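The model shown is predicted, which means the values in this text are computed figures rather than measured ones. Side chains are part of it too, since the values below use all heavy atoms of this structure and drop only hydrogens, waters and symmetry mates.
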Amino acid sequence: MSPRKHDRILLAHGGGGRLSDELIRHHILPKLKNDALAELADSAKLNLSSNQICLTTDSYVVKPLFFNGGDIGKLAVCGTVNDLAVAGARPVALTLSLIIEEGLEFELLERILASVARTAKESSVEIVTGDTKTVEAGAADKIFINTAGIGVRLPGVNLGYKKIVAGDKIIVSGTLADHGLAIISQRKGIEFESQLQSDCAPLAGLTCELLEKTTGIKFMRDPTRGGLAATLNEIARGAELSIEINETEIPVNPTAQAAADILGFDVLAIANEGKVVVVASAESADDCLNICRKHPLGARARIIGHVVTSRDVPTVELITRIGGRRIVQMPYGRELPRIC
Amino acid sequence: MREKILEAQRFMNAACKKLGRRINVMEVCGTHTVAIFRSGIKSVLPERVKLLSGPGCPVCVTDQGYIDAVLQLADRDDCMIATYGDMIRVPGKGGSLETRQSKAAVKVVLSSEDALQLARDNPDKKIIFVAVGFETTTPATAVAVKEAAGQGIDNFYILSGHKLVVPAMRALLSAKNNNIDAFLCPGHVSVITGYGVFREIVEDFNRPCVVAGFEAVQIIEGLAEICSQLAAGKLELKSMYPAVVTEQGNTAAQEIVAECFEPADGYWRGLGKIEKSTLRLKEKYGKFDALRQFSITETPVKEATGCRCGEVLCGLIDPPQCGLFATSCTPDDPVGACMVSTEGACAAWFKYARKEKRER
């Protein structure tokens, strides 16, 4: 690698000329190296094992860029990998687009790229193509990232709302609300005795194992923005069935609960970045739970509720600690901007 | 916990049976309202114990005239508004503070101290602190005013919307059509005022007043105590929150409030004008009083057509009985203040208790 002449990104680094070339060859390629990317072709050519393809894309604008338990680079890989994973696919390749604000320190960019590379390796995916743009100071906030991902659907797997029936169980793979609360407490400068840590993690290993070792999985989703509340409401609406969950079964870290109480948030409506909600048949739920619990990302998995028939419009109902009942609404979504 | 709840349920059932009628208990604290809905407390009470959400949320009881006054200040080029987050979406005559946010004239703060800091950081602006809240938040406003006076900060003003709980309770009970049997009194307010302030309600109106904490079990135990008192015909003042609340309260906080503020007649949304129910800055601190320093007025405003926030706040109807509820008035697009604040009765009902009927 040639020595860096600049400490910060200039507009010219996105101009398509010499500086762009230097940025790509000397700073990006060495971190992400693989055969497909090394060609620097206009498109990456991939050989896939099946024609059952899943494709997804997501943009990442999290603030701050570095937070307890992760950073925007890790998030940009995990988020897209997880969207493929919960669709029943094994992620294969990702694209990486960077929109960089003029003036970003190279040192930050390199830390972010290192994190992208590390997380991609952990997720067994390659970054096969990408793009870099620079914008004037003030036109973006340091760096925005877009990743698109392609995955191959596991053989025989076909998940969907329509498979869900009354009696199916709802499983979550671990504690809720860690990501959103880690971000917001860091942003507000609120420190808690034991620091809150984002759960940001790539889930494909866990989801593939679940799908390969059991047969009763009907649906999966990662409860990101809007948290468990949004995910369960989407499931209820999609399946046209109601859902009952038990407050005492929902795993939440005590620190996260304390933080949510102080900040006035409902843990059910806070984002997660390394959790999966699984809807499984009653017969297979225990097997799913055991697989989760043996996996490092699912040690605190729980069966939190089940699907029920409904005479009214499908709702999600919470049975509270005191045995009371209340509705869990789709959150309005204005509480926490830029958490992913 | 289960045992405590079962025991409380037994007390309440026995009381209902003995009285042979409905028991209406009003809570006058937004935190209680939210806790009640969040824990699904209504679903574990006997059918004949009815909870009414009274004027306990500071945003909900703020008259629209006050919001209009804040908006007048927000529209001035020399002013910057510092407000608690809940207030920015309350609709006034010409929009809400949210609509003024893009002009950077409105800042959301977490405390009166943050507002004072804004004044230090923006010496060329007049910082108006939207000072709302009950006895719990008034001491912090008083501290900020005293600090501004002590440090010679002359671009800090408050528009006082501070209110007192007891005059509102008296007004509710003085209304002919009131149906309130007892009050579940607020734990937070009592920490400051002491539970002794509610004694006049028991003595003058013969209604039980029970102070409770905010855990579901504490609320249920408070309700059981109320039911038992009513059944026994022995109506008392009682604190069920003894670890935190004393009869005298926090006298240091009371003193600093008394030094800065004096009671004044004021307007409440839904309840109208109530004597000596609001707090205004004393003459001594008049230079920090936005109402005195700027030529603005607070004109009481009638509710929007169809909005029944007033009746909700008086415990006369449940939110779904209002024709606007969940149709033209939702948390996303609120008409009345009870839908704006997360602690409002309508917002809590919408969020935690609303079931939609399937169209057939």
Q) What's the verdict on side-chain contact (heavy atoms from CB on, under 4.5 Å) for B:M1 and A:I322, showing C-alpha distance, side-chain angles and the deciding distance? A) CA-CA 8 Å; B:M1 185 167 75; A:I322 59 161; 4.2 Å; yes

Q) What is the minimum heavy-atom distance between A:R326 and B:R38, and which atoms define it? A) NE-O, 2.9 Å

Does [X] have more than 12 heavy atoms from other residues, nucleotides or ligands lying within 6.0 Å of its [atom1]?
{"X": "B:Y352", "atom1": "OH", "value": "yes"}
{"X": "A:K162", "atom1": "NZ", "value": "yes"}
{"X": "A:K142", "atom1": "NZ", "value": "no"}

(Q) Taking side-chain contact (heavy atoms from CB on, under 4.5 Å) as the definition, give me every residue that meets it alongside A:T309, ordered by chain and number, with sequence neighbours left out. (A)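 Here the qualifying residues are A:A166, A:L241.
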
Q | Side chain, backbone, both or neither of A:E247 within contact of chain B (heavy atoms, under 4.5 Å) | A | neither

Q | Interatomic spacing from CZ in B:F350 to CD in A:Q329 - rounded to 0.5 Å | A | 5.5 Å

Q. Which residue pairs satisfy the side-chain hydrogen bond (donor to acceptor under 3.5 Å, both in side chains) criterion with at least one member in residues 265-276 of chain A, sequence neighbours excluded?
A.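 For residues 265-276 of chain A, and leaving out neighbouring residues, the side-chain hydrogen bond (donor to acceptor under 3.5 Å, both in side chains) pairs sorted by first residue read A:D199-A:K275.
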
Q.
Using only non-hydrogen atoms and a strict under-4.5 angstrom cutoff, which residues of residues 211-218 of chain B touch chain A?
A.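 Only B:A216, B:V217 of residues 211-218 of chain B have a heavy atom under 4.5 Å from chain A.
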
Q. For A:R325, does its backbone N or O pair with a side-chain atom of B:S43 as donor and acceptor, under 3.5 Å?
A. yes

Tell me, for [X] versus chain A, whether the close heavy atoms (under 4.5 Å) come from the side chain, the backbone, both or neither.
{"X": "B:L45", "result": "neither"}
{"X": "B:I41", "result": "both"}
{"X": "B:R354", "result": "both"}

Q: List in chain and number order the residues that pass side chain to side chain donor-acceptor pair (under 3.5 Å) with B:S112, two or more places apart in sequence or in another chain; answer none if no residue qualifies.
A: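 With sequence neighbours excluded, B:S112 shows a side chain to side chain donor-acceptor pair (under 3.5 Å) to no residue whatsoever.
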
